[in-house]
Amino acid sequence: MKNVDYDIIVVGAGPAGSTAARYAAAGGAKVLMLEKDRDVGYPVRCGEAVSHEGVAQFIKPDPKWIASSVSKFRLIAPNGSSVMPKLDGGGYVLERRIFDYELAKLAANEGVEVITKAYVYDLLREDGKIVGVKTLIKDQKVDIRSKIVIAADGVESRVGKWAGMDTTCHIRDMESCAQMTLSGIEVDPDVLDFYFGDEVSPGGYLWVFPKGNDTANVGLGLSVEEAKKKSAIKFLHEFVDRKFPKAAILTHIAGGVPCAKTNPEIVKENVILVGDAAHQVNPVSGGGIISGMIGGMIGGQVAAESILNGNVAHLREYDKRWHKRLGWRHDIFYNIRNAIGSFDDKTYNNICDSALKLPEDKRTLGGIFRAALWNQPSMILDVAKVFLQ
Amino acid sequence: MPQPHLMIHIVPGKCDYCGCCVGVCPEDAIELMESKIALIEDRCTNCRKCVWACPWEVIEFHREGVGHLPKHTPQMLNEAVKF
Ligand SMILES: Cc1cc2nc3c(=O)[nH]c(=O)nc-3n(C[C@H](O)[C@H](O)[C@H](O)COP(=O)(O)OP(=O)(O)OC[C@H]3O[C@@H](n4cnc5c(N)ncnc54)[C@H](O)[C@@H]3O)c2cc1C
Ligand code: SF4
Ligand code: SF4
């Protein structure tokens with residue numbers, strides 16, 4: 001390794017880290033990105049669904065990282081009835097092991113240096129000030145200095161804690177997840193399936209996201225508060241045994257998604273948090289790829305500005321811009337998440353029935369939302385705020 | 001040596017290294033690397049949040065203490081390959 005200092009060190013090479021690094025370097029900073037795993041993009045702990053609109057703002061959609069293009073959702077109620085609204089603008093099921101790789105390449109093209117198998121085990125301090133990170137690179141201890149540290153270290157984030165921010169996710173908000181990639185099954189390659197109800201995932205949902213017409217990511221998440229009673233892996237095994245008994249299991253993973261409001265603190269001194277580390281996940285869907293990239297982009301831009309004008313206090317601007325762009329929406333989605341979390345099977349069945357009574361062309365996500373409101377009037381105010389602003 | 005009060009046990013060889021337990025631990029008492037996981041025993045308060053969070057049921061709670069159970073540490077891996 002070259003014996004140099006960096007303006008910015010990014011910890012973690014997921015979508016949030018690579019995007020932060022890319023925009024920080026594009027803004028003129030000298031950036032190093034460190035990843036603990038041997039490979040960028042692997043292992044994949046993700047359902048891999050994104051909207052076209054979300055992803056296209058960062059990278060041109062490319063068949064080499066798209067497993068399926070989808071145009072519809074199917075929402076399946078506990079009694080088996082279902083509605084199938086259109087997905088506005090369409091979406092994709094990704095191959096994240098290639099997608100994450102491409103995002104890291106975009107960062108590298110801006111001049112970012114990348115080291116894998118580089119585990120950050122502490123912050124480096126001098127006279128009480130944070131001056132970089134302590135790492136274990138291929139089992140050698142190496143201290144690396146930088147003016148700013150961007151923590152993009154995912155759901156398992158610890159960097160923020162070392163900087164003095166409380167990033168612990170409340171067990172009510174953490175979704176405990178299990179997923180298998182199943183092959184040799186029949187799926188509709190154009191449709192994202194969501195199953196609801198106590199049998200599959202109380203308070204959460206189970207997804208079947210197609211990767212072609214014979215393979216799919218089948219997984220579920222449920223609040224740790226629920227997982228106390230029965231674990232994610234048990235729910236998943238039961239569903240797969242019932243629904244896809246003959247499937248070949250190509251991957252099998254555990255995971256966690258912090259479905260909380262944005263962490264109260266995402267900036268402290270010269271450290272900022274982006275992505276899952278900052279709890280920048282849509283609390284209703286649990287989707288965190290695009291929102292983490294948006295957090296990463298804003299964080300990277302503000303960090304570069306801080307370097308150029310030599311003023312670390314400017315990092316506060318990141319918190320403001322994040323909340324203006326998405327944080328405020330996530331606050332509202334969080335309240336909706338709590339309302340949905342209390343739905344029982346009867347409520348889901350009623351919502352589906354009401355939606356099916358709508359004329360076909362009105363069965364949009366908005367129409368179904370209105371049907372849901374009919375069953376849960378307390379949500380009206382929160383939803384109105386989301387759609388009226 | 002395990003703390004005499006310790007009741008949390010990470011079952012050797014079962015973990016998927018996903019980080020869900022780390023995300024809910026209020027004491028920063030879990031160290032997670034690419035394919036290593038270890039409890040930082042003197043920080044753990046036996047609160048059980050990691051036990052509930054783990055999607056794969058890797059972490060166990062033993063009211064009677066864990067002193068007698070095998071540990072999953074890098075040293076143990078080395079010992080395992082020595083035979
Ligand atoms: C089962 C499951 C299904 C999901 N499905 C979807 C979905 O369909 N759509 C969607 O949008 N989102 C989904 N998500 C959420 C999405 O995967 C995350 O929000 C997203 O990956 C967050 O990106 P990130 O860059 O913040 O973190 P990550 O992608 O987790 O990247 C963090 C990186 O930091 C590295 N790291 C951690 N600690 C250190 C350290 N100390 N030193 C060095 N490196 C470190 C990690 O190895 C990792 O590579 C799902 C999540 C799960 C668990
Ligand atoms: S029991 Fe509580 S303090 Fe101990 S490791 Fe688990 S979550 Fe952390
Ligand atoms: S939650 Fe379970 S599988 Fe995931 S890292 Fe912790 S112990 Fe391992």
Side-chain angles (χ1 to χ4, degrees), chain A residues 35-39 42-43 45 116-121 136 139 153-162 166-179 219-236 251-258 260 276-277 279, chain B residues 6-63 71-82:
Chain A
E35 168 55 51
K36 74 170 166 48
D37 293 348
R38 192 180 45 197
D39 296 299
Y42 181 81
R45 300 186 189 286
T116 59
K117 241 177 166 356
Y119 174 63
V120 173
Y121 68 91
L136 203 58
D139 286 338
D153 48 343
V155 64
E156 69 266 46
S157 178
R158 297 172 69 208
V159 174
K161 289 188 180 176
W162 301 332
D166 184 4
T167 56
T168 309
C169 185
H170 196 288
I171 58 166
R172 171 193 63 227
D173 300 335
M174 181 66 87
E175 294 274 309
S176 179
C177 305
Q179 179 182 273
L220 66 92
L222 74 171
S223 161
V224 171
E225 207 70 78
E226 284 293 335
K228 264 184 197 176
K229 297 173 228 158
K230 184 168 158 185
S231 67
I233 186 83
K234 285 212 173 84
F235 278 106
L236 184 60
T251 71
H252 189 179
I253 54 105
V257 186
D276 278 12
H279 304 171
Chain B
L6 195 71
M7 300 172 199
I8 298 297
H9 175 60
I10 303 178
V11 179
K14 212 177 161 191
C15 175
D16 191 38
Y17 316 106
C18 74
C20 189
C21 56
V22 182
V24 298
C25 175
E27 308 298 336
D28 192 19
I30 303 171
E31 177 95 48
L32 180 70
M33 294 171 65
E34 182 173 25
S35 47
K36 282 178 197 163
I37 183 164
L39 205 58
I40 307 172
E41 295 175 357
D42 53 359
R43 292 188 189 167
C44 177
T45 60
N46 301 312
C47 75
R48 297 170 79 173
K49 289 182 175 164
C50 56
V51 177
W52 299 321
C54 178
W56 276 16
E57 304 177 2
V58 173
I59 312 184
E60 295 174 349
F61 179 74
H62 293 263
R63 193 170 298 281
K71 280 209 299 172
H72 184 48
T73 62
Q75 291 93 307
M76 208 201 106
L77 287 179
N78 290 337
E79 276 163 27
V81 292
K82 251 190 229 155

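Numbers restart at 1 for each chain; the letters A, B, ... are given by sequence-line order, proteins then strands. This one's a predicted model, so the numbers in the text were calculated from it and none came from an experiment.
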Should B:Lys49 and A:Thr168 count as side-chain neighbours, where that means a heavy-atom distance under 4.5 Å?
-> no
Side chain, backbone, both or neither: which part of B:Cys21 has a non-hydrogen atom closer than 4.5 Å to chain A?
-> neither
Over all heavy atoms of both residues, which pair between B:Val22 and A:Lys161 is shortest? Give the atoms and the distance, please.
-> O-NZ, 4.3 Å
Report the option among A:Ala232, A:Ala227, A:Ala254 that has the most heavy-atom pairs separated by less than 4.5 Å from atoms of chain B.
-> A:Ala254
If every non-hydrogen atom of B:Ile40 is compared with every non-hydrogen atom of A:Arg158, which pair is closest and at what distance?
-> CD1-NH2, 3.6 Å
From the list B:Gly23, B:Cys18, B:Pro26, the residue making the most non-hydrogen contacts under 4.5 Å with chain A is B:Cys18
Between A:His279, A:Lys229, A:His252, the one whose heavy-atom pairs under 4.5 Å with chain B are most numerous = A:His252
Should we say atom CZ of B:Arg43 is surrounded by more than 12 heavy atoms from elsewhere, each under 6.0 Å from it?
-> yes
Options A:Gly154, A:Ala178, A:Cys177, A:Ser157, ranked by heavy-atom pairs under 4.5 Å with chain B, top entry | A:Cys177
Counting N and O atoms only, with roles assigned by atom type, does the side chain of A:Ser231 sit under 3.5 Å from a partner on the main chain of B:Trp56, one being a donor and the other an acceptor?
-> no
For A:Tyr42, look at atom OH and say whether over 12 heavy atoms of other residues, nucleotides or ligands are found less than 6.0 Å away.
-> no
Among B:Glu34, B:Lys36, B:Glu31, the one residue meeting side chain to side chain contact (heavy atoms under 4.5 Å, CB included) with A:Tyr119 = B:Glu31
Report the option among A:Val224, A:Asp173, A:Val257 that has the most heavy-atom pairs separated by less than 4.5 Å from atoms of chain B.
-> A:Val224
Structural part of A:Glu226 lying under 4.5 Å from a heavy atom of chain B | neither
By a 4.5 Å heavy-atom criterion (distance strictly below it), what part of A:Leu136 contacts chain B: side chain, backbone, both, or neither?
-> side chain
For B:Cys54 against A:Ser176, the heavy-atom pair lying closest together = C-OG, 4.0 Å
Atom NZ of A:Lys234 and atom CD of B:Glu57: how far apart are they, to the nearest 0.5 Å?
-> 3.5 Å
Go through B:Val58, B:Ile30, B:Asp28 and name the one with the most non-hydrogen pairs under 4.5 angstrom from chain A.
-> B:Asp28
